[in-house]
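Working notes, structure below.
Sequence positions, counted from 1, serve as the residue numbers for this chain. Please read all numbers here as calculations on a predicted model, not as lab measurements.
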Amino acid sequence: MVETSSKSYWLNWRFLLLASGLVVIAGTAVRIIWKYEGSPRSGKQEGDSKKKPVGFLYKDEAWTTCHKAIHPAWLLAYRTIMFFFLLSMLSTDVFFNSTDIFFFYTQWTFSLVTIYFGLGSLLSIYGCILYRKGVASGKVCSVDEERNDSPTLEKNASLPDVSKDLSSDEETDDREPAGYLGYAFQIIFQICAGAVVLTDCVYWGLIYPIFLPDDLGLKFVVVGMHSLNAATLFGDVLLNSLRFPFFRLAYFVLYTCTFVVFQWIVHMCIATWWPYFFMDLAYEFAPLLYVIAGVAHLPCYGVFAMVIALKCWLARLFKWLIRKLSGDKQ
(Lines give C-alpha, C1' and ligand atoms only; values in the text may rest on other atoms or scores of the structure.)
Protein backbone atom coordinates (compact mmCIF):
# COMPACT_ATOMS: atom_id res chain seq x y z
CA MET A 1 0.00 0.00 0.00
CA VAL A 2 1.28 3.45 -0.93
CA GLU A 3 2.25 5.71 1.97
CA THR A 4 -0.43 8.35 1.38
CA SER A 5 0.52 10.36 4.49
CA SER A 6 4.02 11.13 3.20
CA LYS A 7 4.88 14.58 1.80
CA SER A 8 6.19 13.13 -1.45
CA TYR A 9 2.77 11.64 -2.21
CA TRP A 10 1.15 15.08 -2.23
CA LEU A 11 3.90 17.42 -3.37
CA ASN A 12 3.70 16.62 -7.07
CA TRP A 13 2.17 18.07 -10.23
CA ARG A 14 -0.82 15.70 -10.19
CA PHE A 15 -2.13 16.87 -6.84
CA LEU A 16 -1.38 20.54 -7.54
CA LEU A 17 -3.22 20.31 -10.85
CA LEU A 18 -6.24 18.55 -9.33
CA ALA A 19 -6.37 20.84 -6.28
CA SER A 20 -6.29 23.91 -8.52
CA GLY A 21 -9.03 22.47 -10.71
CA LEU A 22 -11.14 21.62 -7.68
CA VAL A 23 -10.88 25.17 -6.36
CA VAL A 24 -11.94 26.59 -9.73
CA ILE A 25 -14.87 24.19 -10.08
CA ALA A 26 -16.08 24.71 -6.51
CA GLY A 27 -15.73 28.47 -6.90
CA THR A 28 -17.73 28.41 -10.12
CA ALA A 29 -20.45 26.33 -8.47
CA VAL A 30 -20.67 28.74 -5.53
CA ARG A 31 -20.89 31.68 -7.94
CA ILE A 32 -23.77 30.04 -9.84
CA ILE A 33 -25.61 29.33 -6.59
CA TRP A 34 -25.11 32.91 -5.42
CA LYS A 35 -26.30 34.26 -8.76
CA TYR A 36 -29.60 32.41 -8.65
CA GLU A 37 -30.19 32.00 -4.91
CA GLY A 38 -27.90 34.45 -3.14
CA SER A 39 -30.54 37.09 -2.46
CA PRO A 40 -34.34 37.58 -2.66
CA ARG A 41 -33.83 39.45 -5.96
CA SER A 42 -31.68 36.76 -7.54
CA GLY A 43 -32.93 35.63 -10.93
CA LYS A 44 -35.31 38.62 -11.30
CA GLN A 45 -35.17 41.26 -13.96
CA GLU A 46 -34.82 44.89 -12.89
CA GLY A 47 -38.15 46.64 -12.64
CA ASP A 48 -40.07 43.37 -12.70
CA SER A 49 -41.10 42.73 -9.13
CA LYS A 50 -43.60 40.05 -10.15
CA LYS A 51 -41.08 37.86 -11.93
CA LYS A 52 -40.13 34.94 -9.67
CA PRO A 53 -36.52 33.71 -9.36
CA VAL A 54 -35.65 30.64 -11.41
CA GLY A 55 -35.22 28.63 -8.23
CA PHE A 56 -38.53 29.73 -6.73
CA LEU A 57 -40.51 27.08 -4.84
CA TYR A 58 -43.97 27.03 -3.33
CA LYS A 59 -44.45 25.56 0.12
CA ASP A 60 -47.02 22.98 -1.00
CA GLU A 61 -44.78 21.56 -3.73
CA ALA A 62 -42.89 19.53 -1.13
CA TRP A 63 -45.94 17.34 -0.48
CA THR A 64 -48.40 17.75 -3.37
CA THR A 65 -48.54 15.12 -6.11
CA CYS A 66 -47.99 15.57 -9.83
CA HIS A 67 -51.74 15.64 -10.47
CA LYS A 68 -54.64 16.77 -8.33
CA ALA A 69 -56.39 13.44 -9.01
CA ILE A 70 -53.72 11.69 -6.93
CA HIS A 71 -54.26 12.22 -3.20
CA PRO A 72 -51.16 13.42 -1.26
CA ALA A 73 -51.66 10.44 1.07
CA TRP A 74 -50.30 8.18 -1.68
CA LEU A 75 -47.07 10.17 -1.76
CA LEU A 76 -46.94 10.06 2.04
CA ALA A 77 -47.39 6.28 2.06
CA TYR A 78 -44.68 5.81 -0.60
CA ARG A 79 -42.17 8.04 1.16
CA THR A 80 -42.79 6.46 4.54
CA ILE A 81 -42.40 2.92 3.23
CA MET A 82 -39.25 3.81 1.29
CA PHE A 83 -37.75 5.59 4.29
CA PHE A 84 -38.05 2.58 6.58
CA PHE A 85 -36.95 0.22 3.81
CA LEU A 86 -33.81 2.22 3.00
CA LEU A 87 -33.08 2.79 6.69
CA SER A 88 -33.27 -0.97 7.33
CA MET A 89 -30.87 -1.63 4.44
CA LEU A 90 -28.43 0.99 5.68
CA SER A 91 -28.62 -0.36 9.23
CA THR A 92 -28.00 -3.90 7.97
CA ASP A 93 -24.96 -2.75 6.03
CA VAL A 94 -23.57 -0.98 9.11
CA PHE A 95 -24.24 -4.03 11.29
CA PHE A 96 -22.30 -6.42 9.03
CA ASN A 97 -19.58 -4.06 7.77
CA SER A 98 -19.27 -1.46 10.55
CA THR A 99 -19.28 2.29 10.04
CA ASP A 100 -16.34 1.93 7.65
CA ILE A 101 -18.92 1.83 4.86
CA PHE A 102 -19.26 5.61 5.17
CA PHE A 103 -15.82 5.83 3.62
CA PHE A 104 -17.56 5.26 0.27
CA TYR A 105 -19.43 7.73 -1.93
CA THR A 106 -22.15 5.09 -2.34
CA GLN A 107 -23.02 5.12 1.35
CA TRP A 108 -22.89 8.90 1.48
CA THR A 109 -25.45 9.02 -1.30
CA PHE A 110 -27.57 6.19 0.10
CA SER A 111 -27.69 7.97 3.46
CA LEU A 112 -28.69 11.22 1.76
CA VAL A 113 -31.50 9.46 -0.13
CA THR A 114 -32.68 7.98 3.19
CA ILE A 115 -32.66 11.45 4.74
CA TYR A 116 -34.62 12.72 1.74
CA PHE A 117 -37.38 10.17 2.26
CA GLY A 118 -37.41 10.75 6.02
CA LEU A 119 -37.76 14.51 5.63
CA GLY A 120 -40.21 14.00 2.79
CA SER A 121 -42.38 11.83 5.02
CA LEU A 122 -42.54 14.56 7.67
CA LEU A 123 -43.41 17.21 5.08
CA SER A 124 -46.05 14.92 3.55
CA ILE A 125 -47.62 14.37 6.98
CA TYR A 126 -47.82 18.12 7.42
CA GLY A 127 -49.23 18.49 3.91
CA CYS A 128 -51.89 15.86 4.41
CA ILE A 129 -53.05 17.67 7.55
CA LEU A 130 -53.39 20.88 5.53
CA TYR A 131 -55.06 19.02 2.69
CA ARG A 132 -57.56 17.51 5.10
CA LYS A 133 -58.36 20.98 6.40
CA GLY A 134 -58.94 22.21 2.87
CA VAL A 135 -55.97 24.59 2.82
CA ALA A 136 -54.26 22.97 -0.17
CA SER A 137 -54.32 25.17 -3.24
CA GLY A 138 -54.37 22.35 -5.78
CA LYS A 139 -51.53 23.81 -7.84
CA VAL A 140 -49.11 21.07 -8.74
CA CYS A 141 -47.10 20.20 -11.78
CA SER A 142 -46.73 21.39 -15.32
CA VAL A 143 -44.17 22.50 -17.81
CA ASP A 144 -43.57 26.21 -18.13
CA GLU A 145 -44.92 26.83 -21.61
CA GLU A 146 -43.21 30.21 -21.85
CA ARG A 147 -39.68 28.77 -21.70
CA ASN A 148 -39.15 27.79 -25.32
CA ASP A 149 -35.98 29.78 -26.01
CA SER A 150 -32.55 28.38 -26.70
CA PRO A 151 -31.15 26.34 -23.78
CA THR A 152 -28.82 28.86 -22.15
CA LEU A 153 -28.13 28.80 -18.43
CA GLU A 154 -29.60 32.28 -18.04
CA LYS A 155 -32.90 31.44 -19.78
CA ASN A 156 -33.27 27.81 -18.85
CA ALA A 157 -31.72 27.71 -15.41
CA SER A 158 -35.06 26.21 -14.41
CA LEU A 159 -35.35 23.55 -17.11
CA PRO A 160 -37.70 21.82 -16.82
CA ASP A 161 -39.62 24.29 -14.66
CA VAL A 162 -42.24 22.36 -12.75
CA SER A 163 -44.48 25.17 -11.66
CA LYS A 164 -48.03 25.10 -12.89
CA ASP A 165 -51.14 23.02 -12.53
CA LEU A 166 -51.75 20.25 -15.02
CA SER A 167 -55.37 21.31 -15.14
CA SER A 168 -54.66 25.01 -15.58
CA ASP A 169 -52.41 27.09 -17.82
CA GLU A 170 -52.17 29.95 -15.34
CA GLU A 171 -50.51 30.32 -11.99
CA THR A 172 -51.99 32.36 -9.17
CA ASP A 173 -50.18 34.25 -6.43
CA ASP A 174 -52.27 32.99 -3.52
CA ARG A 175 -49.84 30.22 -2.68
CA GLU A 176 -47.33 30.50 0.13
CA PRO A 177 -43.61 30.49 -0.84
CA ALA A 178 -41.47 27.72 0.62
CA GLY A 179 -39.34 28.34 3.69
CA TYR A 180 -35.78 27.24 4.41
CA LEU A 181 -36.86 23.66 5.09
CA GLY A 182 -38.69 23.44 1.78
CA TYR A 183 -35.68 24.70 -0.14
CA ALA A 184 -33.35 22.36 1.75
CA PHE A 185 -35.63 19.47 0.82
CA GLN A 186 -35.61 20.56 -2.83
CA ILE A 187 -31.81 20.83 -2.87
CA ILE A 188 -31.37 17.40 -1.27
CA PHE A 189 -33.69 15.97 -3.91
CA GLN A 190 -31.64 17.39 -6.76
CA ILE A 191 -28.31 16.32 -5.25
CA CYS A 192 -29.65 12.78 -4.83
CA ALA A 193 -30.95 12.79 -8.40
CA GLY A 194 -27.48 13.19 -9.85
CA ALA A 195 -25.57 11.23 -7.22
CA VAL A 196 -27.61 8.01 -7.48
CA VAL A 197 -27.13 7.85 -11.25
CA LEU A 198 -23.41 8.55 -10.94
CA THR A 199 -23.01 5.93 -8.20
CA ASP A 200 -24.86 3.21 -10.08
CA CYS A 201 -23.19 3.91 -13.43
CA VAL A 202 -19.69 3.78 -11.92
CA TYR A 203 -20.40 0.56 -10.03
CA TRP A 204 -22.26 -1.43 -12.72
CA GLY A 205 -20.36 0.02 -15.67
CA LEU A 206 -16.82 0.02 -14.29
CA ILE A 207 -16.19 -1.50 -10.86
CA TYR A 208 -18.33 -4.64 -11.03
CA PRO A 209 -17.46 -5.97 -14.52
CA ILE A 210 -13.74 -5.07 -14.42
CA PHE A 211 -12.35 -4.81 -10.92
CA LEU A 212 -14.38 -7.15 -8.70
CA PRO A 213 -13.15 -10.77 -8.40
CA ASP A 214 -15.21 -13.35 -10.30
CA ASP A 215 -15.71 -15.45 -7.19
CA LEU A 216 -17.22 -12.54 -5.27
CA GLY A 217 -20.96 -13.11 -5.43
CA LEU A 218 -23.52 -10.36 -5.38
CA LYS A 219 -25.27 -9.81 -2.07
CA PHE A 220 -28.71 -8.27 -1.74
CA VAL A 221 -27.39 -5.30 0.24
CA VAL A 222 -24.70 -4.61 -2.37
CA VAL A 223 -27.19 -4.80 -5.23
CA GLY A 224 -29.63 -2.63 -3.32
CA MET A 225 -27.05 0.02 -2.53
CA HIS A 226 -26.28 0.37 -6.23
CA SER A 227 -29.76 0.09 -7.74
CA LEU A 228 -32.58 0.61 -5.26
CA ASN A 229 -31.26 4.06 -4.41
CA ALA A 230 -32.10 5.22 -7.95
CA ALA A 231 -35.22 3.07 -8.29
CA THR A 232 -36.84 4.45 -5.14
CA LEU A 233 -36.04 8.01 -6.16
CA PHE A 234 -37.51 7.44 -9.63
CA GLY A 235 -40.69 6.24 -7.94
CA ASP A 236 -40.87 9.46 -5.94
CA VAL A 237 -40.34 11.50 -9.11
CA LEU A 238 -43.37 9.86 -10.72
CA LEU A 239 -45.55 11.02 -7.83
CA ASN A 240 -44.14 14.32 -6.58
CA SER A 241 -44.49 17.85 -7.96
CA LEU A 242 -41.00 19.12 -7.15
CA ARG A 243 -39.30 21.42 -9.62
CA PHE A 244 -35.92 20.67 -11.16
CA PRO A 245 -34.05 23.93 -11.84
CA PHE A 246 -31.00 22.95 -13.83
CA PHE A 247 -28.67 25.45 -12.17
CA ARG A 248 -28.81 23.36 -8.98
CA LEU A 249 -26.38 21.03 -10.69
CA ALA A 250 -23.95 23.26 -8.78
CA TYR A 251 -25.06 21.70 -5.48
CA PHE A 252 -24.38 18.23 -6.88
CA VAL A 253 -20.89 19.35 -7.92
CA LEU A 254 -20.20 20.80 -4.47
CA TYR A 255 -21.43 17.57 -2.87
CA THR A 256 -18.87 15.54 -4.84
CA CYS A 257 -16.14 18.12 -4.20
CA THR A 258 -16.83 17.77 -0.47
CA PHE A 259 -16.36 14.00 -0.72
CA VAL A 260 -13.07 14.42 -2.62
CA VAL A 261 -11.70 16.94 -0.10
CA PHE A 262 -12.76 14.65 2.75
CA GLN A 263 -10.82 11.76 1.19
CA TRP A 264 -7.76 13.91 0.59
CA ILE A 265 -7.70 15.14 4.20
CA VAL A 266 -8.11 11.61 5.59
CA HIS A 267 -5.31 10.26 3.40
CA MET A 268 -3.02 13.16 4.29
CA CYS A 269 -3.39 12.25 7.96
CA ILE A 270 -3.56 8.45 7.71
CA ALA A 271 -1.90 6.00 5.35
CA THR A 272 -4.91 3.99 4.25
CA TRP A 273 -6.54 2.50 1.16
CA TRP A 274 -8.57 4.49 -1.33
CA PRO A 275 -12.27 3.60 -1.62
CA TYR A 276 -12.01 3.93 -5.41
CA PHE A 277 -8.87 3.10 -7.34
CA PHE A 278 -9.17 6.11 -9.66
CA MET A 279 -8.81 8.48 -6.69
CA ASP A 280 -5.26 7.26 -5.99
CA LEU A 281 -2.95 10.15 -6.87
CA ALA A 282 -0.03 7.77 -7.32
CA TYR A 283 -1.65 6.58 -10.53
CA GLU A 284 -0.13 8.31 -13.55
CA PHE A 285 -3.47 8.96 -15.25
CA ALA A 286 -5.30 10.03 -12.08
CA PRO A 287 -5.94 13.60 -13.35
CA LEU A 288 -7.60 12.22 -16.49
CA LEU A 289 -9.84 9.92 -14.45
CA TYR A 290 -10.82 12.79 -12.16
CA VAL A 291 -11.76 14.86 -15.22
CA ILE A 292 -13.85 12.03 -16.67
CA ALA A 293 -15.67 11.60 -13.36
CA GLY A 294 -16.29 15.35 -13.24
CA VAL A 295 -17.67 15.54 -16.77
CA ALA A 296 -19.95 12.57 -16.00
CA HIS A 297 -21.86 14.76 -13.53
CA LEU A 298 -23.66 16.56 -16.35
CA PRO A 299 -25.28 13.54 -18.07
CA CYS A 300 -25.99 11.86 -14.74
CA TYR A 301 -27.83 14.94 -13.53
CA GLY A 302 -29.51 15.32 -16.90
CA VAL A 303 -31.11 11.87 -16.65
CA PHE A 304 -33.53 13.02 -13.96
CA ALA A 305 -34.09 16.35 -15.71
CA MET A 306 -35.19 14.46 -18.82
CA VAL A 307 -37.40 12.09 -16.82
CA ILE A 308 -39.21 14.99 -15.14
CA ALA A 309 -39.57 16.85 -18.45
CA LEU A 310 -40.97 13.69 -20.06
CA LYS A 311 -43.37 13.16 -17.15
CA CYS A 312 -44.78 16.66 -17.47
CA TRP A 313 -44.93 16.48 -21.27
CA LEU A 314 -46.88 13.21 -21.14
CA ALA A 315 -49.24 14.73 -18.57
CA ARG A 316 -49.91 17.69 -20.84
CA LEU A 317 -50.40 15.36 -23.80
CA PHE A 318 -52.88 13.31 -21.80
CA LYS A 319 -54.71 16.51 -20.85
CA TRP A 320 -54.84 17.57 -24.51
CA LEU A 321 -56.19 14.17 -25.58
CA ILE A 322 -58.89 14.33 -22.93
CA ARG A 323 -59.94 17.74 -24.19
CA LYS A 324 -60.08 16.52 -27.79
CA LEU A 325 -62.06 13.42 -26.88
CA SER A 326 -64.49 15.50 -24.82
CA GLY A 327 -65.00 17.90 -27.72
CA ASP A 328 -63.34 20.88 -26.04
CA LYS A 329 -61.92 23.09 -28.80
CA GLN A 330 -59.84 25.26 -26.47
N/O donor to acceptor pairs below 3.5 angstrom from side-chain atoms of residues 109-120, sequence neighbours left out:
{"from": "Thr109", "atom 1": "OG1", "to": "Tyr105", "atom 2": "O", "distance (Å)": "3.1"}
{"from": "Thr109", "atom 1": "OG1", "to": "Tyr255", "atom 2": "OH", "distance (Å)": "3.1"}
{"from": "Ser111", "atom 1": "OG", "to": "Gln107", "atom 2": "O", "distance (Å)": "2.8"}
{"from": "Thr114", "atom 1": "OG1", "to": "Phe110", "atom 2": "O", "distance (Å)": "2.9"}
{"from": "Tyr116", "atom 1": "OH", "to": "Asp236", "atom 2": "OD2", "distance (Å)": "2.4"}

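- Residues Arg79 and Ser121 bring no donor and acceptor atom of their side chains to less than 3.5 Å of each other.
- Under the rule for a ring pair (Phe, Tyr, Trp, His ring centres under 6.0 Å), the partners of His267 that lie at least two apart in sequence or sit in another chain are Phe103, Trp274.
- Between the side chains of Thr106 and Thr199, not a single donor N or O lies within less than 3.5 Å of an accepting N or O.
- No donor-acceptor distance shorter than 3.5 angstrom exists from the side chain of Thr65 to the backbone of Ser241, with no hydrogens or angles considered.
- Aromatic pair Trp63/Tyr126: centroids not less than 6.0 angstrom apart.
- Taking a 4.5 Å side-chain heavy-atom cut-off between Ile, Leu, Val, Met, Phe, Trp and Tyr, the cluster of Val295 extends to Val291.
- Between the side chain of Asn12 and the main chain of Phe15, a donor-acceptor pair closer than 3.5 Å is present.
- Taking the ring centroids of Tyr36 and Phe246, they lie at or beyond the 6.0 Å cut-off.
- Remark: Asp93 CG to Thr99 OG1 distance equals 11.0 Å, nearest 0.5 Å.
- Follow the hydrophobic side-chain contacts under 4.5 Å out from Leu238 and you never reach Ile70; the two are in separate clusters.
- Between Glu284 and Arg14 there is no salt bridge, since no side-chain N of the basic residue sits under 4.0 Å from a carboxylate O of the acidic one.
- Note on Leu76 and Phe85: separate hydrophobic clusters, where clusters join Ile, Leu, Val, Met, Phe, Trp and Tyr whose side-chain heavy atoms are under 4.5 Å apart, directly or indirectly.
- Partners of Phe84 by ring pair (Phe, Tyr, Trp, His ring centres under 6.0 Å), not counting sequence neighbours: none found.
- Not a single ring pair (Phe, Tyr, Trp, His ring centres under 6.0 Å) links Phe102 to another residue, sequence neighbours left out.
- Side-chain contact annotation: Thr256 with His297, donor-acceptor N/O pair under 3.5 Å present.
- Applying the side chain to side chain contact (heavy atoms under 4.5 Å, CB included) test to Ala282 and every residue at least two apart in sequence or in another chain returns Val2, Tyr9, Asp280.
- Ring centers of Phe278 and Phe285: at least 6.0 Å apart, outside the cut-off.
- With no hydrogens or angles considered, a side-chain donor-acceptor pair links Gln190 and Tyr301 at under 3.5 Å.
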